[in-house]
Protein chains: 2
Amino acid sequence: MAGIADVARSAGVSKSTASRALTGSGYVSDETRARVRAAASALGYVPTMWAVSLATGRTNTVGVMVPSLDRWFFASVVEGIQSALLTDGYDLVLCCAPPGSDSRRRMFAHSLARKRFDGLIAVGVEPDETEREQLAAFARPIVSVGHDGGAMSISIDDRAAARIATEHLLGLGHTDVVILGGDPDGRRTSVGDGERLLGYRSAMTDAGLGAAARHIPCEVSLPGGYGAAVEMLADRRTRPSALVGVCDEVAVGAMIAARRLGVRVPEHLSVVGIDDHSYADMFALTTLQQRPDEQGRTAARLLLDMLAGEVAPPRHLLEAPRLVVRNSTAAVSDAASAIVGASRRRT
Amino acid sequence: MAGIADVARSAGVSKSTASRALTGSGYVSDETRARVRAAASALGYVPTMWAVSLATGRTNTVGVMVPSLDRWFFASVVEGIQSALLTDGYDLVLCCAPPGSDSRRRMFAHSLARKRFDGLIAVGVEPDETEREQLAAFARPIVSVGHDGGAMSISIDDRAAARIATEHLLGLGHTDVVILGGDPDGRRTSVGDGERLLGYRSAMTDAGLGAAARHIPCEVSLPGGYGAAVEMLADRRTRPSALVGVCDEVAVGAMIAARRLGVRVPEHLSVVGIDDHSYADMFALTTLQQRPDEQGRTAARLLLDMLAGEVAPPRHLLEAPRLVVRNSTAAVSDAASAIVGASRRRT
DNA sequence: TTGTAAGCGTTATCAG
DNA sequence: CTGATAACGCTTACAA
């Protein structure tokens, strides 16, 4: 409860000197500074942050908008942001609301307007028209993660990721490769799913397989991928020989579906995902790695730099995805022998 | 950028009247109030929250401590809290750090001391001695979720949940049932894993099977459960006939391990979890349901009530777990025929 | 019912 | 190098 006045009195100096000594701004003799510091810690002095904010105009707080927390990507990004902010003594106020929800509208109307934070990190947020205006009115630094929202953004190269995934499959000789996940039209999905669809399509057409390109939409989640895959794999006519998941969660869902239906991965079905989710290793899923926690950390540092007054030019950081080959993909030529091997093993 | 002074001027009243009209405290004629309100919204006035805080001493912010976000339970609780707070116009500052981490120490030292929030919700936090003191020094309302931390807490009845899970298995005729997940000694785990172990043990001893009780420790996560289960199930001598997962993530991990090893669930192995995770349905996992988002909402409302001055007596809300029977458990007598059926199907 | 004036705890300005 | 003194934007006695 001790205020700076107490510290000043106890150190035998004025409030202003105490303030200078503590904040490190302005001239203070080393000796005085030491005395003030000692007094402060003796009294357990901690500046009252809202008083500081009122005086300085800065809040030492950044806002983080995110559609939900129960997806690995979002949770990891937020954790990354948190850890980077903590280092600089910044607090993080969470604004978590799914797009189109009532909460989301309130978030934008309410929290942004209060200018409660010095800057904002938007994770997987695709603002609609109204929201875009509100963001502009916010008039403070914004950096976005997971898509190309604002002037400043960080994400993996979603298109390249999907392209590489597809080409990996193509390179193994597959011709019937589908992409699983996302909305039917490939819009309104978060985290660059649209881009991923594009990457897939371009890889297919480049291989002269444009006509064979097939998008199986489904909710972007493990159960979502599972459900759609069960349906698709159950029917021999719709079953592809390879599949790229719009993200690992969907891909893993598909693998589980395959296992349940007795479709062996990778012998009968090759699967590749995008993300390198924490489950990927356990499922031996070949995938394109991204590091959401690192993206979060980078976003936070970028924002802090901007807040520190460094006028960085607008830029879009595109993390290059790295192909991690595990054991969910196989060449088509192997398929036949693998099947033979499998059935031999069974009998 | 319009301040209350602008509103006052534009409405032709004094700052104090404007303030009263807007906050609703004190006498203002209806007519004046209307005029002020109009002026405020015309100017797009939004009170600067740190000025309000400085004047009132309240911050309209609550802190949420949580060990991590990438577990379903935590993420869901936080989402629940967020939604409840939003309704009351409260902001949520996130303090996310795993126990024992450097970040965690900073959180406690730094964020709590700044008295940055009016109250705190601790989710799955088991404070050590130092931390307990710091929490006490915080001197503001605290409610905890997921264990019996403070004066006010919310959780499911973990012990009952594990007991019911175990009894369900026992009732199906199983005698070799193990519990999977958590630390070797059953301590230092979050979310009441210790309690769950106790519930399991008491159910076993009550059934005269105390000597047969077996705890397989593992990291409380899907991969954790998977890894431990692979090891345990691979050896016929260590393979139990039934298994209760300390939570659904572990249980699902075990089911995946079982599938991979050709151990059929429920024919060869019965599995029950605790949580009713979003994956539970897809795996047809029998489990004991809890609703973390509801717990979060309840916690938030409780805290807000306390902040509103309602002196609620300290209490520990124990949500009763509900058994959701799906398809991961079977009676032992069925096992033999099931195995026969299965092998017949294979040949 | 309304206005005046005094804070709330810091920082920032500007003389000393 | 240090110390008064004035902000910061709002609320709240207290007086009118």
Side-chain angles (χ1 to χ4, degrees), chain A residues 1-37 39-40 43-61 89 91 113-118 139-140 307-309, chain B residues 1-40 43-61 89 91 113-118 140 309:
Chain A
M1 273 293 123
I4 200 172
D6 302 307
V7 176
R9 195 173 325 116
S10 148
V13 298
S14 69
K15 283 198 317 181
S16 17
T17 304
S19 172
R20 272 181 302 233
L22 261 14
T23 61
S25 72
Y27 300 108
V28 187
S29 74
D30 290 351
E31 191 261 324
T32 310
R33 187 194 319 282
R35 204 144 35 88
V36 172
R37 287 248 171 87
L43 290 164
Y45 166 74
V46 177
T48 306
M49 79 153 321
W50 50 87
V52 176
S53 296
L54 186 55
T56 62
R58 274 175 293 93
T59 64
N60 271 257
T61 298
D91 288 326
R114 297 218 284 189
K115 304 202 179 311
R116 197 200 193 300
F117 20 81
D118 299 332
R140 293 192 192 308
L307 292 177
Chain B
M1 272 291 124
I4 200 172
D6 303 306
V7 175
R9 194 173 326 115
S10 148
V13 298
S14 70
K15 283 200 317 181
S16 29
T17 306
S19 171
R20 272 180 301 233
L22 262 14
T23 60
S25 71
Y27 301 108
V28 188
S29 75
D30 291 350
E31 191 262 325
T32 310
R33 186 193 320 281
R35 202 143 37 87
V36 173
R37 287 247 171 87
L43 290 164
Y45 166 74
V46 178
T48 306
M49 79 154 320
W50 50 87
V52 176
S53 298
L54 188 55
T56 62
R58 273 174 293 94
T59 64
N60 270 257
T61 299
D91 288 326
R114 297 219 284 190
K115 304 203 181 309
R116 197 195 195 300
F117 19 81
D118 300 332
R140 290 191 194 308

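Here the structure is a predicted model, which is why all the values come from computation and not from measurement. Proteins get letters first, then strands, A, B, ... in listed order; numbering begins at 1 in each.
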Starting at atom CE of B:Met49, determine the distance to atom C1' of D:dC10, rounded to an integer number of angstrom.
12 Å
Would you mind reading off the distance between B:Asn60 atom CG and D:dT11 atom P, rounded to a whole angstrom?
11 Å
Restricting to salt bridge (Lys or Arg N to Asp or Glu O under 4.0 Å), what partner residues turn up for [X], sequence neighbours left out?
X: A:Arg35; result: A:Glu31
X: A:Arg9; result: A:Asp6
X: B:Arg20; result: none

Is the side chain of B:Arg58 donor-acceptor paired with the backbone N or O of B:Asp118 at a distance under 3.5 Å, no angle test?
no
Test side-chain contact (heavy atoms from CB on, under 4.5 Å) applied to B:Ser19 and B:Val52, B:Val28, B:Ile4, the passing residue:
B:Ile4
State whether B:Ser53 places a side-chain N or O below 4.0 Å from either non-bridging phosphate oxygen (OP1 or OP2) of D:dC10.
no
Please report the shortest heavy-atom distance between B:Leu54 and A:Ala51, naming the atom on each side.
CD1-CB, 3.9 Å
Compare every heavy atom of A:Ala40 with every heavy atom of A:Leu22, then report the nearest pair and how far apart it is.
CD1-CB, 4.2 Å
Could you encode protein contacts along nucleotides 5-14 of chain C as a string, one character per nucleotide from 5' to 3', using B for base contact, S for sugar-phosphate-only contact and - for no contact, with a heavy-atom cut-off of under 4.0 Å?
--BBBBSB--
Rounding to 10°, can you tell me the angle the first-five-pair axis of the helix from C:dT1-D:dA16 to C:dG16-D:dC1 makes with its last-five-pair axis?
40°
Applying side-chain hydrogen bond (donor to acceptor under 3.5 Å, both in side chains), can you list everything that pairs with B:Asn60, at least two apart in sequence or on another chain?
none
